[in-house]
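Input: a single structure, listed below in structure tokens.
Everything numeric here is computed off the predicted structure, so don't read it as measured data. Computed from heavy atoms alone, side chains included, the values below leave out hydrogens, waters and symmetry copies. Labels below follow one simple rule: chain letters A, B, ... track the order of the sequence lines, proteins then strands, and each chain is numbered from 1.
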Number of protein chains: 2
Amino acid sequence: MPTKEVCCPVEVTLKIIGGRWKVLIIHHLLNGTMRFNELQRSLTGITHRTLSRQLREMEIHQLIVRNNFNEIPPRVEYSLSPLGHSLKTILLSMDEWGRKYSAVAK
Amino acid sequence: MPTKEVCCPVEVTLKIIGGRWKVLIIHHLLNGTMRFNELQRSLTGITHRTLSRQLREMEIHQLIVRNNFNEIPPRVEYSLSPLGHSLKTILLSMDEWGRKYSAVAK
DNA sequence: CAGTATCCCTTGGGATACTG
DNA sequence: CAGTATCCCAAGGGATACTG
């Protein structure tokens, strides 16, 4: 497999929301706009370097909107785009299944 | 982060179905029982070593049932457990979102 | 406050050869 | 047919220091 072709739509979605943090970031942004450090404090354990990269990827994938106020001290706000917000259904399904799994399996 | 604690149910689900192949395996098994080589032929590009490991993990997670007929030549069939089958909702949501994403974004 | 720049380490998964 | 055993590599992400 030289090129990792992704053919299936399910795979596309997994590519976009996969990884350690993205779903958590989306989860927090579902409640509204948040600033960078505010997000970092919510996502216990994430480094600002990682948060920075995750947010940029999600911005490129058009899931979130970055609003830089160009103030001193800096102020940048992140919010979900309509596309990002439309992931809510999947997140809810995953939340529900995760609870069931934790209750049923082991 | 010495221990990668997973607190959120959404994260639990992502842990279980994340990775390159699991959703595809589930997708194929939704149509019914399949044998090992049959699965490998369907999942273009996967090596038997990787398929073997993915299936074992999914068996441990109780998503699939492994049925070894103890015949010569060997015959092993894999099918979804009820728990595994209950992921169908999520897969469908992800499929739908993936299609929309591919149509909308870029 | 909101980031970049380096460096490093773990993990997922591929290639290939061998086995009951 | 249905695997296991070795070996290897790239990518994700953590730790830390620095910056506008």
Have a look at [X] and say if it touches a base, only the backbone sugar-phosphate, or nothing, with a 4.0 Å heavy-atom cut-off.
X: B/Arg49; answer: base
X: B/Gln40; answer: nothing
X: A/Glu71; answer: nothing
X: B/Tyr78; answer: sugar-phosphate

Would you kindly give the [atom1]-to-[atom2] distance between [X] and [N], to the nearest whole Å?
X: A/Arg20; N: C/dT10; atom1: CZ; atom2: P; answer: 16 Å
X: A/Met34; N: C/dA2; atom1: CE; atom2: C1'; answer: 15 Å
X: A/Leu24; N: D/dG12; atom1: CG; atom2: P; answer: 18 Å
X: B/Trp21; N: C/dG12; atom1: CH2; atom2: C1'; answer: 12 Å
X: A/Ile72; N: D/dT19; atom1: CD1; atom2: P; answer: 16 Å
X: A/Glu38; N: C/dG3; atom1: CD; atom2: P; answer: 13 Å
X: B/Ile46; N: D/dA2; atom1: CD1; atom2: P; answer: 14 Å
X: B/Leu39; N: D/dC1; atom1: CG; atom2: C1'; answer: 13 Å

Short side-chain N/O contact from [X] to OP1 or OP2 of [N], under 4.0 Å:
X: A/Thr50; N: D/dG14; result: yes
X: A/Arg66; N: C/dA2; result: no
X: B/Ser52; N: D/dT4; result: yes

Please tell me which of the listed nucleotides, [options], lies nearest to the side chain of [X]?
X: A/Asn37; options: C/dG13, C/dG3, C/dA2; answer: C/dA2
X: B/Gln54; options: D/dG3, D/dG13, C/dG13; answer: C/dG13
X: B/Arg35; options: C/dG3, D/dA2, C/dA2; answer: D/dA2
X: B/Phe36; options: C/dA15, D/dG3, D/dT4; answer: D/dG3
X: A/Thr47; options: D/dC1, C/dA2, D/dG14; answer: D/dG14

According to the interplanar angle, ranging from 0 to 90°, do the rings of B/Tyr101 and A/His61 count as parallel (below 30°), tilted (30 to 60°) or perpendicular (above 60°)?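 Rings of B/Tyr101 and A/His61: perpendicular, over 60°.
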Which distance, rounded to the nearest 0.5 Å, do you find between the CG of B/Leu80 and the CG of B/Leu87?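 B/Leu80 CG to B/Leu87 CG: 8.0 Å, rounded to 0.5 Å.
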Distance in Å, B/Trp21 CH2 paired with B/Thr47 OG1, rounded so as to fall on 0.5 Å steps: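 Those atoms lie 8.5 Å apart.
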Side-chain-base donor-acceptor pair under 3.5 Å for B/His48 and D/dA5: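 Answer is no: no donor-acceptor pair is held.
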Strand partner of D/dC18, provided both Watson-Crick or wobble distances fall under 3.5 Å: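 The answer is C/dG3, by the H-bond criterion.
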Give the C-alpha distance, both sets of side-chain angles, the deciding distance and a yes or no for side chain to side chain contact (heavy atoms under 4.5 Å, CB included) between A/Met58 and A/Ile26. CA-CA 9 Å; A/Met58 295 170 72; A/Ile26 296 168; 3.5 Å; yes
Mind running side chain to side chain contact (heavy atoms under 4.5 Å, CB included) on B/Trp97 and A/Ile16 for me, showing each step along the way? CA-CA 11 Å; B/Trp97 194 90; A/Ile16 302 281; 4.0 Å; yes
Start with the C-alpha distance between B/Ile25 and B/Leu51, add both sets of side-chain angles, then the distance that settles side chain to side chain contact (heavy atoms under 4.5 Å, CB included), and finish with yes or no. CA-CA 9 Å; B/Ile25 294 174; B/Leu51 178 57; 3.9 Å; yes
